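For the single chain, residues carry numbers from 1 onward in sequence order. If you're wondering where the values come from, they're calculated on a predicted model, not measured in any experiment.
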Amino acid sequence: MDLVRTVTAAGVTTMTLDNPDNRNALSTALLTKLLDALAASAADPESRVVVLSHTGPVFCSGVDLRETAAAGPGDRLPAEMLADVLAVLWEFPKPVVARIGGPARAGGLGLIGAADIAVCARPATFAFTEVRLGVIPAVISATVLPRLAPRAAAELYLTGDVFDGPRAAEIGLVTAAVPEEDLDTAVAGYCASLLRGGPLALAGTKQLLRRTRNESIRADLADLAHRSSGYFKSAEGREGVAAAREKRDPRWIR
């Protein structure tokens, strides 16, 4: 299984998350493939724009809970490796467009936040489900919080409630929410506009857009990954992950 399929045509590299049977969950294997694809695109002068897409009905269900539950005390968790991917996406010298045709949860929203432009189908749904697993949305905060309206961030981080495409656009998580049948046309339109920019100018403009950070994203993500790992390895975190896998309520819900 490829896990991430990559095709470059007419200056656009489409990276497709391709593990629909696992709802495109972010396993270490998938994240490794995505890092490899990004490195290849960064080195390829024919690759001018990256589109992050998916197969199956789900964009991304978040980190792989099966792998997380099986991890030992000294193992590196998928959530920690996600920090590496988000750092590369955030610093990527070429424009990144996320194409979201279906649900995205937790870590998947980190990928969306790291993209420069994100377009979703209006029926797509989103949720920061971490608190309902007994963990916190730590790693993804580095890319998501700069996008979100603060009041919306507080509401959606703390409740874990599901919201739709139009709400995602309203609060800044995505650039646009379009009818499902118009999704590919909208993505193609953004790619066409981006391809009109000079490669060096686009890279420089991306640096301008990131210049207000007080510290490097890698330092920020290292701290957030450490926090995330602590929650995932805690008793509450393990119970939340186990409950999700067993399709039951965690013990703190009465």
Does any non-hydrogen side-chain atom of [Y] lie less than 4.5 Å from one of [X]?
X      : Y      : result
Ile117 : Leu194 : yes
Val49  : Tyr190 : no
Ser228 : Glu80  : no
Ile171 : Phe126 : no
Phe163 : Thr125 : no
Leu34  : Leu26  : no
Leu77  : Val63  : no
Thr14  : Thr6   : no

Are any of the side-chain nitrogens in [X] or [Y] under 4.0 Å away from the carboxylate oxygens of its partner?
X      : Y      : value
Asp161 : Arg132 : yes
Arg218 : Glu91  : yes
Asp2   : Lys33  : no
Asp116 : Arg210 : yes

How about [X]: does its [atom1] atom have over 12 heavy atoms from other parts shown lying under 6.0 Å from it?
X      : atom1 : value
Glu170 : CD    : yes
Arg227 : CZ    : no
Leu200 : CG    : no
Arg248 : CZ    : yes
Tyr231 : OH    : no

Just by distance, do the side chain of [X] and the backbone of [Y] share a donor-acceptor pair under 3.5 Å?
X      : Y      : result
Arg122 : Gly165 : no
Thr32  : Thr28  : yes
Ser229 : Ala225 : no
Ser47  : Ala43  : no
Asp220 : Ile217 : no
Thr16  : Val4   : no

If two hydrophobic side chains count as joined below 4.5 Å and joins carry through other members, does [X] share a cluster with [Y]?
X      : Y      : value
Val131 : Val135 : no
Leu89  : Val187 : no
Leu195 : Val50  : no
Ile140 : Leu38  : yes
Val51  : Val88  : no

>> Could you walk me through whether Val97 and Leu52 satisfy the side-chain contact (heavy atoms from CB on, under 4.5 Å) test, starting with their C-alpha distance in whole Å, then the side-chain angles of each, then the deciding distance to 0.1 Å, before giving a yes or no?
In response: CA-CA 6 Å; Val97 180; Leu52 186 60; over 6 Å; no

> For Arg76 and Asp84, what are the C-alpha separation, side-chain angles and deciding distance, and is it a salt bridge (charged side-chain N to carboxylate O under 4.0 Å, His left out)?
Replying inline: CA-CA 12 Å; Arg76 196 174 191 221; Asp84 298 336; 3.0 Å; yes

Report the distance from atom [atom1] of [X] to atom [atom2] of [Y], rounding to the nearest 0.5 Å.
X      : Y      : atom1 : atom2 : result
Ile112 : Leu109 : CD1   : CG    : 4.5 Å
Asp18  : Asn24  : CG    : CG    : 7.0 Å
His54  : Ser61  : NE2   : OG    : 12.0 Å
Trp252 : Glu236 : CH2   : CD    : 5.0 Å
Glu67  : Leu30  : CD    : CG    : 10.0 Å
Tyr157 : Leu145 : OH    : CG    : 3.5 Å

Which heavy atom of [X] sits nearest a heavy atom of [Y], and at what distance?
X      : Y      : value
Arg245 : Ala69  : NH1-CB, 3.8 Å
Leu202 : Gly197 : CD1-O, 3.8 Å
Val139 : Ala79  : CG2-O, 3.6 Å
Val241 : Leu65  : CG1-O, 3.6 Å
Leu183 : Ala121 : CD1-N, 4.0 Å
Ala114 : Leu86  : CB-CD2, 4.2 Å

> Taking it one step at a time, do Val96 and Lys94 satisfy side-chain contact (heavy atoms from CB on, under 4.5 Å)?
Replying inline: CA-CA 6 Å; Val96 178; Lys94 304 174 184 184; 6.0 Å; no

> After noting the C-alpha distance and the side-chain angles of Ile100 and Val119, does the key distance pass the side-chain contact (heavy atoms from CB on, under 4.5 Å) rule?
Replying inline: CA-CA 6 Å; Ile100 306 124; Val119 187; over 6 Å; no

>> Applying side-chain contact (heavy atoms from CB on, under 4.5 Å) to Thr55 and Leu17, what does each step give before you reach the verdict?
In response: CA-CA 6 Å; Thr55 58; Leu17 305 183; over 6 Å; no

> Checking side chain to side chain contact (heavy atoms under 4.5 Å, CB included) against Arg167, which of Leu173, Val174, Leu156 comes through?
Replying inline: Leu156

> Looking at Cys191, Pro199, Ser41, which hits side chain to side chain contact (heavy atoms under 4.5 Å, CB included) with Arg48?
Replying inline: Pro199

>> The test is side-chain hydrogen bond (donor to acceptor under 3.5 Å, both in side chains); show your working for Arg99 and Ser53 and say whether it passes.
In response: CA-CA 5 Å; Arg99 175 196 173 278; Ser53 187; 3.1 Å; yes

